[in-house]
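Letters go in sequence order (proteins before strands), and every chain restarts at 1.
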Amino acid sequence: MFEESALNARNKKIQLLWRTLFLVMTLLLILPVLVILGTLIAKGGSVISMEFLFTYPTDGMTAGGIFPALFGTVWLVSLALLISVPLGVAAAIYLSEYAGENWFSRLINLAIINLAGVPSIVHALFGVGAFVVFFGFGTSILAASLTLAIMTLPVVIVATKESLDAVPLAFREACWNMGATRWQTIRKVVLPNAISGILTGVILEVSRTTGETAPIMFTGAAFFLPFLPESVFDQTMAMSLHLFVVATQVPGVPDALPYGVALVLVSMVLIMNSISIGFRVYLRGQKKW
Amino acid sequence: MSDKPVNTNTSEAPENGEHQFAIDTQNLDLWYGTFQALFDVNLKIRQGMITSMIGPSGCGKSTYLRSVNRINERLGYVRINGNINVFGNNIYDPAVELVQIRKEIGMVFQRPNPLPASIRDNVLFGHRIHNKHMKTNKAEEEEIVENALRTVLLWDKVKDNLNRKATQLSLEEQQKLCIARLLPVKPKILLMDEPCSALDPKGTAAVEELIWELRGEYTILIVTHNMAQARRASEECIFMLMGKVMEHTATEDLFVTPAKKETADYIEGRFG
């Protein structure tokens with residue numbers, strides 16, 4: 001009565017086939033990551049040292065370290081975040097906690113989606129037009145960071161909105177019913193519960209910003225500078241542009257150097273992503289509902 | 001059967017200076033968009049009593065409850081005609097401050113919704129937001145917490161661990177806590193929207209006992225699906241049907257000698 005029929009066997013075989021197919025697809029996803037990392041370590045691992053990280057390039061950028069570029073990237077990214085995070089978080093709070101479902105909020109959401117879809121080279125040109133020329137910041141860290149900030153804004157907004165929306169409505173209702181204002185509710189209940197998601201989104205954003213090349217190359221990143229920037233109105237070197245330069249623009253660069261630069265850049269991103277994930281796991285463990 | 005709602009509770013008890021009725025609803029109509037959910041509701045809820053509201057799903061009992069502290073408005077598409085006077089003041093008067101309404105009229109939900117914070121912070125939440133700097137002195141806070149938790153018969157269970165997350169309590173304890181956190185701001189009316197429907201029979205009995213304890217000091221209006229609960233745990237009872245008040249009288253009378261055929265049919269389980 002309960003034996004396997006021919007049809008059962010056939011269905012099981014088909015399901016096994018699909019399952020295997022999906023597994024192979026999944027494994028294919030990891031492959032590029034492994035190949036990239038493997039290649040970088042194999043070809044560029046030899047140049048990595050403390051000296052490489054903390055000295056200037058020498059001999060027409062064919063030798064020496066990457067310190068000005070590393071320093072510049074940290075500058076650019078920090079300043080960009082300082083601009084985009086307060087703006088983005090504030091906008092997200094307005095959109096998800098205050099704005100009703102009307103044509104205005106729909107329009108803003110549409111604008112955010114479109115902003116997210118603008119190619120980075122277009123952001124670069126916008127940055128040149130707006131910040132370098134119109135506001136007169138010149139090609140500077142400020143102009144480049146502002147350009148990066150505009151570019152990261154939609155992602156910050158979306159990540160923040162998502163984590164705010166993940167806070168159950170019941171918590172807000174509880175507050176409102178005790179006579180709390182919207183702001184008291186946000187401040188006391190919504191933000192403390194959404195902060196882990198917001199931070200995770202922000203850190204992921206940092207990692208993306210770190211690797212961007214186009215938006216900074218016309219607005220503030222320099223080909224080569226023999227000194228560190230002294231203010232936000234100076235130009236600076238940056239990791240991503242430096243990689244582009246040593247890989248394609250300078251003759252006589254030893255093979256290992258660009259790989260080394262790339263390895264440092266990728267490591268920065270990976271480290272930040274790991275911190276973000278670790279942080280999220282930690283904060284998830286903290287909250288229980 | 002006439003269409004006029006039966007109201008046998010308006011003639012007795014003399015005015016004695018105090019407001020005899022905590023909530024006096026006059027000709028209340030309510031629409032969600034184009035759908036009319038309440039039709040000419042006239043209800044006088046006696047002060048210091050437990051009044052229960054029964055009726056089949058969609059009869060408007062929760063809608064009525066939610067218009068008494070104006071939480072319905074949040075939906076945006078709600079339209080209202082008529083008055084609800086709370087202690088003589090029309091809460092739909094434009095000059096009324098919503099925060100004050102919410103302070104005077106607390107609400108307990110179907111699903112316990114403690115905040116994801118400690119038991120102490122839950123109890124103190126309302127107190128803090130209604131105080132200027134969101135902080136009062138420690139000793140005073142401790143006293144408030146103890147009083148509120150004692151009132152809801154929870155103190156002995158949680159006194160040693162007030163820093164525990166409120167969300168880790170059992171559902172019954174959570175619901176008691178949700179009642180406790182309303183008390184420090186000294187509301188006069190407590191609205192309860194099926195407060196026991198998420199609880200097991202033991203929890204239900206415990207919360208019902210608590211509600212019974214609270215009568216007198218608070219005017220309690222409780223919506224329930226559970227007719228046995230209305231019968232055990234309320235002094236007056238309102239039966240609603242299709243957005244209209246059918247009958248409002250002493251609970252005992254409503255269950256023993258219902259004046260309307262619809263009431264009789266409903267309490268005997270012929271529909272609903």
Side-chain angles (χ1 to χ4, degrees), chain A residues 93-109 160-201 279-289, chain B residues 65-66 68-77 97-118 121-131 134 164-169 174-175 177-187 190-193 198:
Chain A
I93 290 177
Y94 180 79
L95 287 173
S96 93
E97 301 296 319
Y98 288 99
E101 179 63 33
N102 52 31
W103 67 269
F104 179 65
S105 58
R106 276 195 291 271
L107 188 75
I108 293 183
N109 280 319
T160 308
K161 257 187 79 177
E162 269 169 13
S163 34
L164 291 175
D165 292 343
V167 176
L169 188 65
F171 295 164
R172 296 182 179 86
E173 278 190 328
C175 295
W176 297 336
N177 272 285
M178 281 187 279
T181 60
R182 292 258 164 171
W183 170 243
Q184 283 171 324
T185 307
I186 294 165
R187 169 76 191 72
K188 289 290 201 178
V189 175
V190 180
L191 276 185
N193 283 294
I195 198 75
S196 64
I198 296 174
L199 285 175
T200 314
F279 204 62
R280 179 164 47 188
V281 170
Y282 169 74
L283 286 169
R284 283 261 169 86
Q286 293 291 96
K287 68 180 176 194
K288 288 194 182 74
W289 66 59
Chain B
L65 197 74
R66 287 165 165 266
V68 176
N69 74 345
R70 290 182 54 179
I71 196 182
N72 261 341
E73 287 163 39
R74 196 168 52 77
L75 298 170
Y77 49 88
E97 167 61 51
L98 262 184
V99 168
Q100 291 298 339
I101 295 180
R102 304 278 160 77
K103 225 175 123 179
E104 294 297 326
I105 308 172
M107 187 151 184
V108 179
F109 293 84
Q110 195 165 1
R111 181 103 205 143
N113 59 351
L115 299 170
S118 70
D121 288 344
N122 263 280
V123 178
L124 288 170
F125 187 87
H127 176 69
R128 283 175 178 159
I129 60 173
H130 292 299
N131 274 278
M134 286 200 167
R164 208 171 136 201
K165 278 234 165 181
T167 36
Q168 291 168 359
L169 296 170
Q174 287 186 19
Q175 196 61 297
L177 182 64
C178 289
I179 297 173
R181 72 176 173 198
L182 299 173
L183 308 182
V185 296
K186 304 191 172 55
L190 300 178
L191 306 174
M192 305 195 177
D193 194 354

_Heavy-atom cut-off 4.5 Å, strictly under: side chain, backbone, both or neither for Pro187(B) against chain A?_
neither
*With only heavy atoms counted, which part of Arg111(B) is less than 4.5 Å from chain A, the side chain, the backbone, both or neither?*
neither
*asked:* Could you tell me if the side chain of Arg164(B) sits less than 4.5 Å from the side chain of Leu169(B), heavy atoms only?
replied: yes
*Under 4.0 Å between a Lys/Arg side-chain N and an Asp/Glu carboxylate O for Lys188(A) and Asp121(B)?*
no
*Any side-chain heavy-atom pair of Leu191(A) and Ile198(A) under 4.5 Å*: yes
*asked:* Please classify the contact of Leu98(B) with chain A as side chain, backbone, both or neither, using a heavy-atom distance under 4.5 Å.
replied: neither
*Roughly how far apart are Ser118(B) OG and Gln168(B) CD, rounded to 0.5 Å?*
11.0 Å
